[in-house]
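Sequence positions, counted from 1, serve as the residue numbers for this chain. Computed from heavy atoms alone, side chains included, the values below leave out hydrogens, waters and symmetry copies.
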Amino acid sequence: MMSPGFFERRLLTRDRGAGILEKLWLIPWSFVLLLCAVAAVGYVALYSAGGGAPEPYASKHALRFGFGLVMMLSIAMVDIRLIAKLSWLGYAGGVALLVLVALHGQVGKGAQRWIEIGPVQLQPSELMKIMLVLGLAAWFHRASWERVGNPLFLIPPIIAALVPVGLILKQPNLGTGMITLMVAGSVFWAAGVRWWKFAGVLALAGAIAPIAYDRLHDYQRARITTFLDPESDPLGAGYNIIQSKIALGSGGLWGKGFLQGTQGHLNFLPEKQTDFIFTMISEEFGLVGALTTLLLLGLVVAFALMVAIRCRHQFGRLVAIGLGVNFFLYVFVNIAMVTGSIPVGGVPLPLISHGGSAMITTMLGFGLLMSVYVHRNAEFGATRD
């Protein structure tokens, strides 16, 4: 009779010498279908945002997702140990792109966040979040509990996190900068950094908050003021959130129907194809459509957590947690923003909003997540003391 550990040993053996076909068999195709369902929601919403036509948003959305799908499956085939070895190289490349943005980036809507690479317009801050997760996971993945508790051991990863955050805030991009910082914090937490150190950081953040507020740009302070009292400037800074709430409320339980949303189609709703795409879904498909969208997005986060739980190595666990938290924060911030729960900021709804950089980097992250899943039984070196 086979021993209880037979199947685990076989999985480890398959992982060491698995070919492309075997790895394709190990891919969680149900998760791929889930991503297709989320992207389909985005296509429908963008088709409506385009006035009932695939141009100019929906067709590009489908092409980008198709490209991202091929990229994701290709990355899933790459051995996770090779990815771990290249993590800091990827981090250095991400920082270099942020520096390039600061020196030669394109300026749009008062911010310098994009660079052009051939026909592609890239927002490096989106890519940097992924590279930061990989770099931090590579730093912590073989560290013992005692070593993680050593404050000197934490200095390099703290600097590694603060450098890109500082460059992102300089663009300025407060929303993405804060998300990047929280994603880094999630990796620190998952790696075993003690809770009292986080408490000290939060206390320090609270102490310098008034100083940081004084250094905000005028439009950033206006967003906070508008969040507290949207009616103070209904035709100016408060216009976006007021129109968003009207659209959310007018959808009711079942919505006004596909292509029947008045706020969106009469152009009362600003940035309906990007930041406020969830509002459009809610107006046309009501509470049922909104909750269905949130359920699909929630299942994506749940898959990332499941991968972290099932992974046998620390590197994969930290990558899965970091990428899952990154996706969750983007969903949370976008939904909270359009419902008036937090100040308005330029944060898209992943896989649904129109945008090339967000789509490609999201699919890149899912490719890494699937590589963790496919190689979840991979053997790494011994723990560092």
Side-chain angles (χ1 to χ4, degrees), residues 34-62 65 175 223 226-302 327-355 358-359:
L34 173 61
L35 296 182
C36 290
V38 177
V41 171
Y43 183 91
V44 171
L46 291 171
Y47 186 93
S48 179
E55 296 292 342
Y57 308 124
S59 59
K60 292 181 180 178
H61 179 81
F65 179 73
R223 285 176 177 175
T226 303
F227 161 69
L228 297 173
D229 184 15
E231 302 295 337
S232 62
D233 188 10
L235 298 179
Y239 180 82
N240 290 1
I241 190 60
I242 291 174
Q243 296 303 319
S244 178
K245 288 181 177 180
I246 292 173
L248 286 167
S250 64
L253 180 61
W254 297 102
K256 295 179 178 178
F258 183 49
L259 302 178
Q260 302 302 313
T262 54
Q263 293 297 112
H265 289 283
L266 294 179
N267 293 323
F268 287 105
L269 189 63
E271 304 295 338
K272 57 188 176 183
Q273 77 280 7
T274 52
D275 298 351
F276 290 89
I277 192 70
F278 182 77
T279 305
M280 239 190 132
I281 294 171
S282 300
E283 183 182 24
E284 296 193 356
F285 298 99
L287 180 63
V288 172
L291 291 178
T292 301
T293 302
L294 290 178
L295 174 62
L296 292 174
L297 294 169
L299 288 174
V300 174
V301 177
F327 187 85
F328 167 77
L329 286 174
Y330 259 71
V331 173
F332 173 80
V333 170
N334 180 271
I335 302 301
M337 175 187 73
V338 301
T339 56
S341 302
I342 63 173
V344 173
V347 176
L349 191 59
L351 295 180
I352 296 179
S353 293
H354 176 69
M359 173 66 79

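- The ring-ring contact (aromatic ring centres under 6.0 Å, His included) check on Phe327 picks up Phe366, with sequence neighbours excluded.
- Residues meeting the ring-ring contact (aromatic ring centres under 6.0 Å, His included) test with Tyr57, sequence neighbours left out: His354.
- Across all their heavy atoms, Tyr43 and Pro54 have their closest contact at OH-CB, 3.9 Å.
- Summarising the geometry of Ala49 relative to Lys272, their closest heavy-atom pair is O-CE, 3.5 Å, with the distance given to 0.1 Å.
- No more than 12 heavy atoms of other residues, nucleotides or ligands sit less than 6.0 Å from atom CZ of Phe332.
- A pairwise comparison of heavy atoms in Leu296 and Val41 identifies CD1-CG2, 4.0 Å as the closest pair.
- Side-chain N or O atoms of Ser244 include one that pairs as donor or acceptor with a backbone N or O of Val338 at under 3.5 Å.
- The backbone N or O of Gly52 sits less than 3.5 Å from a side-chain atom of Tyr47, completing a donor-acceptor pair.
- Counting only heavy atoms from C-beta outward, the side chains of Val331 and Val300 never approach each other to under 4.5 Å.
- Residue Phe258 holds its CZ atom at 11.0 Å from CD1 of Ile281, rounded to the nearest 0.5 Å.
- Between Gly50 and Pro56, the shortest heavy-atom contact is CA-CD, 4.2 Å.
- Within the 3.5 Å criterion, the main-chain N or O of Pro350 finds no donor-acceptor partner in the side chain of Ser353.
- For the residue pair Leu351 and His61, the shortest heavy atom distance occurs at O-CE1, 3.0 Å.
- Of the possible polar contacts, none joining the Asp275 side chain to the Asn334 backbone as a donor-acceptor pair under 3.5 Å is found.
- Here the side chain of Glu283 pairs a donor or acceptor atom with the backbone of Gln263 at under 3.5 angstrom.
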**Message:** Assess the residue pair Phe285 and Thr293 against the criterion (side chain to side chain contact (heavy atoms under 4.5 Å, CB included)); give the C-alpha distance rounded to whole Å, side-chain angles, the decisive distance to 0.1 Å, and a yes or no.
**Reply:** CA-CA 10 Å; Phe285 298 99; Thr293 302; over 6 Å; no
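- The line from CD1 of Ile246 to OG1 of Thr279 is 11.5 Å long, rounded to the nearest 0.5 Å.
- For the atom pair CG (Leu287) and OG1 (Thr292), the distance works out to 9.0 Å, reported to the nearest 0.5 Å.
- By the side-chain hydrogen bond (donor to acceptor under 3.5 Å, both in side chains) test, Glu284 is found to be paired with Ser48, His265, residues two or more places apart in sequence or in another chain being considered.
- Thr339 OG1 to Phe278 CZ: the interatomic distance, rounded to the nearest 0.5 Å, is 8.0 Å.
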